Amino acid sequence: MDIDKITEAVRLIRKSKYMIAFTGAGVSVESGIPPFRGSGGLWNTTHPIFLEIEYFHKKPLQAWKKIKEIFYDKLVDAEPNIAHLVLARMEKRGFLESVITQNIDHLHQKAGNKYVYELHGTYRRLVCTECNSEYDMSFADLNFLPPTCYICKGILKPDIVFFNEPIPAFAKKRSFEEAEKADLILIIGTHAEVLPAAEIPKIAKNTGAKIIEINIKPSYFTHSITDIFIQAKATEAMEEIGKQLYL
Ligand code: APR
């Protein structure tokens, strides 16, 4: 890992007036949650059809069996790693305004970040496909699939963004607003392939923000909008940033 680049990044962090973070699956890999693409990526071995909204409505039981295996059985016990924890300390110390995440794993909140915008929703909430009632996942017994609504017996779906579904309006609006206000954005662990999420760092760049990117290999951002590219694992780079900020 190039320590000089970390020192340069910390200089920008100290100087920034409105810094935000933009995270993808890579920030949670060292919490034991596999990414979707790249080495160990979920899509290398599993067809994403179970996350297509049309398939879910047609075959809710089959979809839920896969969703429970891939997400619920793994995420419930996942713990934030040092990258999540340093981001939480950065918010607490006033360096960081908010985290915009593509992840559904709730680990930023578990680490202590208060201002988290979940572009792809969260596995922790279920919503009824008939009456739109919302439940915390603790109210559903996922040993009996598909879970159904207490109010209308409709089928419950995880409140995550399926393929061919829109981004949640609140998260989308706030994320675009944050990107426009930011003078510095710290991108951690994203392939930068999925839209409209990947638009957000570009908006920040177009409104004058500097871009720091942490990834184990270049992404679609690296040779287009990134100013400082730190090729490292999220935990390694964030631990060093935390040290240099005395967090
Ligand atoms: N540290 C830093 N970066 C890492 C690490 C690590 N330890 N491990 C992997 N990465 C990087 C990979 O190099 C890759 O660029 O994290 C990125 C993971 O890419 P994806 O799996 O595509 O994750 P993401 O970009 O968040 O995907 C966006 O795609 O399938 C949809 O809804 C899903 O939210 C997801 C969206």
Side-chain angles (χ1 to χ4, degrees), residues 1-2 5-6 9 21-53 55-56 63 66-67 70-71 74-75 78-87 99-108 116-124 157-168 171-172 175 185-202 211-226 228-242:
M1 175 170 69
D2 183 336
K5 286 199 174 176
I6 299 262
F22 180 84
T23 65
V27 79
S28 297
V29 163
E30 288 149 280
S31 291
I33 302 170
F36 295 96
R37 299 170 188 83
S39 62
L42 185 65
W43 302 148
N44 302 343
T45 54
T46 307
H47 191 288
I49 191 167
F50 70 98
L51 278 183
E52 288 175 11
I53 192 63
Y55 180 87
F56 181 86
K66 205 68 192 147
I67 288 168
I70 301 273
F71 295 120
K74 282 205 181 76
L75 297 182
E79 287 300 325
N81 61 53
I82 186 68
H84 297 103
L85 296 169
V86 168
L87 285 171
V99 177
I100 299 167
T101 189
Q102 300 170 89
N103 302 338
I104 62 168
D105 58 30
H106 196 73
L107 290 182
H108 288 303
V116 181
Y117 300 107
E118 295 171 308
L119 285 172
H120 294 161
T122 174
Y123 87 105
R124 308 224 353 147
K157 94 180 242 306
D159 197 13
I160 61 178
V161 177
F162 280 59
F163 289 109
N164 307 326
E165 270 198 313
I167 297 271
K172 185 175 178 185
S175 299
I185 180 164
L186 173 59
I187 299 173
I188 311 177
T190 184
H191 204 71
E193 186 173 306
V194 171
L195 296 173
E199 288 306 314
I200 291 177
K202 291 177 195 160
I211 312 282
I212 302 167
E213 183 184 9
I214 298 170
N215 200 316
I216 53 171
K217 61 183 180 31
S219 72
Y220 287 117
F221 289 141
T222 310
H223 303 302
S224 54
I225 62 169
T226 297
I228 300 179
F229 178 57
I230 299 167
Q231 187 148 2
K233 288 183 175 178
T235 50
E236 286 165 0
M238 289 305 290
E239 187 166 25
E240 183 58 27
I241 287 174

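Computed from a predicted model, the values in this text were never measured in an experiment. Counting convention: from 1, in listed order, for ligands and their atoms alike.
The nearest heavy-atom contact from the protein to atom 36 (C) of ligand 1 is Val194 CG2, 3.7 Å. If you check which protein heavy atom lies closest to atom 11 (C) of ligand 1, you get Asn215 OD1, 3.2 Å. Given atom 21 (O) of ligand 1, the protein heavy atom at minimum distance is Phe36 N, 2.6 Å. Nearest protein neighbour of atom 4 (C) of ligand 1, counting heavy atoms only, is Gly26 CA, 3.5 Å. Looking only at heavy atoms of the protein, atom 22 (O) of ligand 1 is closest to Arg37 NH1, 2.6 Å. Considering only non-hydrogen protein atoms, atom 1 (N) of ligand 1 sits nearest to Ala234 N, 2.9 Å. Thr190 OG1, 2.7 Å is the protein heavy atom nearest to atom 25 (O) of ligand 1.
Of all atoms in ligand 1, listed by their number and element, those nearer than 4.0 Å to a heavy atom of Lys217 are 13 (O). Shown in contact with Trp43 at under 4.0 Å from a heavy atom are these atoms of ligand 1, numbered in order with element: 30 (O). Near His120, with a cut-off below 4.0 Å to any heavy atom, the atoms of ligand 1 are 32 (O), 34 (O), 35 (C), 36 (C). Interface of Glu30 with ligand 1, defined as ligand atoms under 4.0 Å from a residue heavy atom, comprises 1 (N), 6 (C), 7 (N). Distances below 4.0 Å separate heavy atoms of Gly24 from the following atoms of ligand 1: 26 (O). Which parts of ligand 1 touch Ala25 is read off a 4.0 Å heavy-atom cut-off, strictly below it: atoms 21 (O), 23 (O), 24 (P), 26 (O).
Taking CD of Glu213 as the start and CD1 of Ile228 as the end, the distance is 11.5 Å to the nearest 0.5 Å.
If you check the side chains of Asp105 and Ser28, you find a donor sitting under 3.5 Å from an acceptor.
When side chains are defined from C-beta on, Ile241 counts as touching Ile6, because their heavy atoms get closer than 4.5 Å. Annotation: side chain of Leu75 is in contact with side chain of Ile104 (closest heavy-atom distance under 4.5 Å). The side-chain heavy atoms of Ile200 and Leu119, taken from C-beta on, include a pair separated by under 4.5 Å. Under the 4.5 Å side-chain criterion, counting only non-hydrogen atoms from C-beta, Glu118 is not in contact with Pro168.
In Ile216, the parts holding a heavy atom less than 4.0 Å from any atom of ligand 1 are both the side chain and the backbone. When non-hydrogen atoms are compared, ligand 1 lies under 4.0 Å from the backbone of Gln102 as well as from its side chain.
The aromatic rings of Phe36 and Phe71 are tilted relative to each other, their planes meeting at an angle between 30° and 60°.
Ion pairing between a basic and an acidic side chain is recognised when a charged N comes within 4.0 Å of a carboxylate O; Glu165 and Lys157 show such pairing.
Counting non-hydrogen atoms of neighbouring residues, nucleotides and ligands closer than 6.0 angstrom, the NZ atom of Lys172 reaches no more than 12 such neighbours.
Screening Gln231, Glu240, Lys233 for a side chain to side chain contact (heavy atoms under 4.5 Å, CB included) involving Met1 leaves a single residue, Glu240.
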